[in-house]
Structure formats: structure tokens, C-alpha cells
Amino acid sequence: MTETFINRIACAVPPNQIHEAFCIFAGRHALQGRDAKTFARMAERSQIEKRWSVLEPSEPLGSGTSCGFYQWGAAFPSTRSRMQRYEAAAPALAKSALDTLGLEAEAPRVTHLVFASCTGFVAPGIDQWVINHYGIRGSVERSIVGFMGCQAAINALKLAWHIVRSQPEARVLVICLELCTLHLQGTSAIEQLLSFQIFADGCAAALVTADPIGLRMDGFHAGLVPQAADQITWRIGDSGFDMTLSGMVPFTLAHALPDWSEQILGGADPSEIDLWAVHPGGRSILDAVAHGLDLPENALAPSRAVLRDHGNMSSATVMFVMRNMMAQASPGQRGCAMAFGPGLSAETMRFVTV
């Protein structure tokens, strides 16, 4: 069977750093008194220092979430308006990642394109924009991974893995692009605002081929906790997409991971894994994974660094972690990538550095 490799990964974020602006906005407009103090304390504990958005912070800082797109006390944008903003802003972010990947030179050889997103939908889609802009052949085979949440990158890479294993000459372009900040809701519920202060915008792109360069993908495993299906939900509403992120998620993962460990790791013990590319869905998620798998103190340092500098960019985030690992890892190190999503479900990938 043909071995399959992630040859390289490139990442990009929009130009606007909005974390401080959002925290001021929430504390000043959405919350009062004890709730405002609780929000500030919890935001500090989130271990997030920066988040990036396609929306510009309002002036003065914190007077509105982003350039008037959200104004407290006014009607928040409709789903249609948010999708129009996604369609307008996504191409530039995709271009930033794809230029870094070197797609202009690679484009004539691309045979397949896998595009993942859960924060915006438009047809013709961003996949077709990429094809037209870079001159990729119109006969390229396209696949869309939609609405799978933070775990979609692993699913997209799994599709690329299957493609190359069945067609060794294939060269698969994988793109994960998310504009999470478009989906802020007009709420004074502290639980929802704490959820919103985690999410950010970002794009990651990868080239997957049979060329023995980068990370060798060695297998995948999916896990599902059906009794926890209501702990992560993502539904289309009249004013953007409505997300539920229960505080029970870390507890559920910490208890499920020990039972899944053998299948996830292909029979290996967690102590035999050198690299952990865990999707940083939040500080408590990373703490739960570390506890559930009994990982060493610094095992999730790469994931915590991405959380600190970028927040949770949904599907793109775990690719940021893997990109950083590829720049620092030594040949022959064994790794595991892991991300979680609605269901409650987990998608995982075993890899070895080349």
C-alpha cells in the first residue's frame, strides 16, 4: 500500500488582533457587576493572549466588537449578511496561506482539492475561487468537508490519505478556512460570551502526496460519545450560526480517552508517542486530554502555544500545531493528532516525522 505524506503546511491569520477589544466590549456592554468581574477572571484564565479576525476593532477600543458589524443595542447581522462577509473576506485569507505554501508553482500538478469549513457557505465556493485564481486544472477532483466543526481538518487529511493510497500519483491540496468571529450573538449570557472569547479566524493549507517528505500519515481513528451529543452543537440560526459548548466537554473527554487510547494509538502506549498535536479547543480541553491520557507536563506545549497566540480557529487550528511541529521535529518521531467536534466526537491521526 502506498505511503502518504503531508509534505508541507502553511498557515495564515487576518490582520486584525481583536482579543483585547472583545474582552473590553463584553465587560462594558454585555455584562455588568459580578458577571463582568467573573468574565474578566475567566478570560484571564483562558491562557489566550491574541486572536485574529477579518473584522477590524472599533475605535475607541471596545466601543463595538468590530467596525460596526456588531453594535450592542442594535440588531445583530442576519445570517445572510454574515455569509456575504464570509464570501468577501475568505479569498484574501486563503491566498495568504496558499502563497506561503507555494501553490503558484505547484498548481499545475494539483489533482485533487479538499476544502473544509463550518463557518461559511457560498456557491460557487472558495474551492472554485482557488482553482480560478491559481490556474488549477478545471478537471481537478473536489471534495467539501462541511459543518464538522473543529475536527474537520483530520477528516480532510483522511480523505487526502485515501486518495493518495488509491492513486499514488495524486497531489492533494487540503484547505481549512474558518471565520469564527462572524458568528458572535447578541447575548448577555456569560457562558456564551466566554465561548465567544475563545474563537478566532484562520486558514491552513497542506500538500499531501506520496513524496517521502514531511509527516508520514500512518492511520486514523474516530470516536463517538452518543450520550453526550448535546455537549457540542452547531446550528444555523436567523442571526448567524448558534453554537453550544458545554462545560461538561472536558469531563466527557477525560473519561472517554482512556478507553479509546489503544485504538487511537494503534496499540502503542501514550508514553511511546513523542509528539501530540491536540486541537486547542480551550485550556480546559487540553487539560482534560493531558489528564485522560496521563501525559507529561510539557506534552501539549505546542498546542498551548497556538491557543495563546491564535485562540481556537475551529478546523484550521490543529494544522497550525502540526505546522509548528514540522519545523522543529527530528526524523523518526512518532506523533498523534487529535481534534473534537459535534456529537460529541473525536477524530485522530497517527503520524511519523520523516
Side-chain angles (χ1 to χ4, degrees), residues 10-31 36 39-40 43-44 46-100 117-122 126 129-130 133 175-188 192-205 237 239-243 280 306-317 320:
C11 302
V13 294
N16 307 305
Q17 206 286 102
I18 51 88
H19 186 62
E20 182 183 6
F22 174 79
C23 290
I24 294 173
F25 170 80
R28 181 179 296 167
H29 298 282
L31 299 168
F39 177 87
E44 179 69 24
S46 71
Q47 298 179 354
I48 299 172
E49 297 179 5
K50 297 178 182 178
R51 290 182 297 131
W52 307 85
S53 174
V54 295
L55 304 173
E56 299 173 1
S58 299
E59 296 293 343
L61 194 66
S63 60
T65 303
S66 304
C67 62
F69 194 65
Y70 304 114
Q71 294 180 330
W72 197 255
F76 271 37
S78 65
T79 301
R80 178 179 182 178
S81 296
R82 299 177 199 234
M83 293 302 94
Q84 288 173 336
R85 195 60 177 263
Y86 178 95
E87 183 177 4
L93 183 57
K95 184 178 187 301
S96 183
L98 293 169
D99 285 353
T100 303
S117 184
C118 70
T119 51
F121 297 101
V122 59
I126 307 305
W129 181 90
V130 170
H133 182 81
I175 304 171
C176 298
L177 191 153
E178 305 287 7
L179 304 185
C180 302
T181 62
L182 296 183
H183 296 287
L184 176 68
Q185 303 295 315
T187 179
S188 57
Q192 283 187 282
L193 288 167
L194 285 169
S195 175
F196 295 145
Q197 69 90 29
I198 294 174
F199 287 98
D201 303 346
C203 179
S239 297
F241 299 171
D242 298 322
M243 184 176 195
V306 169
L307 180 67
R308 180 192 65 228
D309 294 337
H310 299 288
N312 181 347
M313 300 165 284
S314 192
S315 70
T317 323
F320 276 64

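Take Asp99 and apply the side chain to side chain donor-acceptor pair (under 3.5 Å) test, not counting sequence neighbours, and it matches Lys95, Tyr134. For Asp309, there are no salt bridge (Lys or Arg N to Asp or Glu O under 4.0 Å) partners at least two apart in sequence or on another chain. In this structure, the side chain to side chain contact (heavy atoms under 4.5 Å, CB included) partners of Ser46, at least two apart in sequence or on a different chain, are Ile48, Gln197. Legend: residues meeting side chain to side chain donor-acceptor pair (under 3.5 Å) with Thr79, ordered by chain and number and at least two apart, are absent. The side chain to side chain donor-acceptor pair (under 3.5 Å) check on Ser117 picks up Tyr86, Glu178, with sequence neighbours excluded. Phe121 meets the ring-ring contact (aromatic ring centres under 6.0 Å, His included) test with Phe147; sequence neighbours excluded.
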Stepwise, does the side-chain contact (heavy atoms from CB on, under 4.5 Å) test hold for Thr100 with Cys11?
-> CA-CA 8 Å; Thr100 303; Cys11 302; over 6 Å; no
Evaluate the side-chain contact (heavy atoms from CB on, under 4.5 Å) criterion for residues Leu182 and Asp201: first the C-alpha distance (whole Å), next the side-chain angles of each, then the deciding distance (0.1 Å), finally the verdict.
-> CA-CA 9 Å; Leu182 296 183; Asp201 303 346; 5.6 Å; no
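In terms of heavy atoms, Phe76 sits closest to Ser239 at O-OG, 4.4 Å.
Going from atom CZ of Phe241 over to atom CD of Gln185 covers 10.5 Å, rounded to the nearest 0.5 Å. Here the CD1 atom belonging to Ile24 is positioned 11.5 Å from the CZ atom belonging to Phe22, to the nearest 0.5 angstrom. Here the CH2-OG1 distance, from Trp52 to Thr181, works out to 13.0 Å after rounding to the nearest 0.5 Å. Here the CE-CD distance, from Met83 to Glu87, works out to 10.0 Å after rounding to the nearest 0.5 Å. Summarising the geometry, atom CZ belonging to Arg82 is positioned 12.0 Å from atom OG1 belonging to Thr119; distances are rounded to the nearest 0.5 Å. Atom-to-atom distance recorded for Ile18:CD1 and Leu184:CG is 9.5 Å, nearest 0.5 angstrom.
Residues Arg85 and Leu179 have side chains not in contact (no heavy-atom distance under 4.5 Å, counting atoms from C-beta outward). Using a 4.5 Å heavy-atom threshold, the side chains of Leu98 and Ile175 count as touching.
His310 contributes no side-chain N or O that, together with a main-chain N or O of Thr317, makes up a donor-acceptor pair within less than 3.5 Å.
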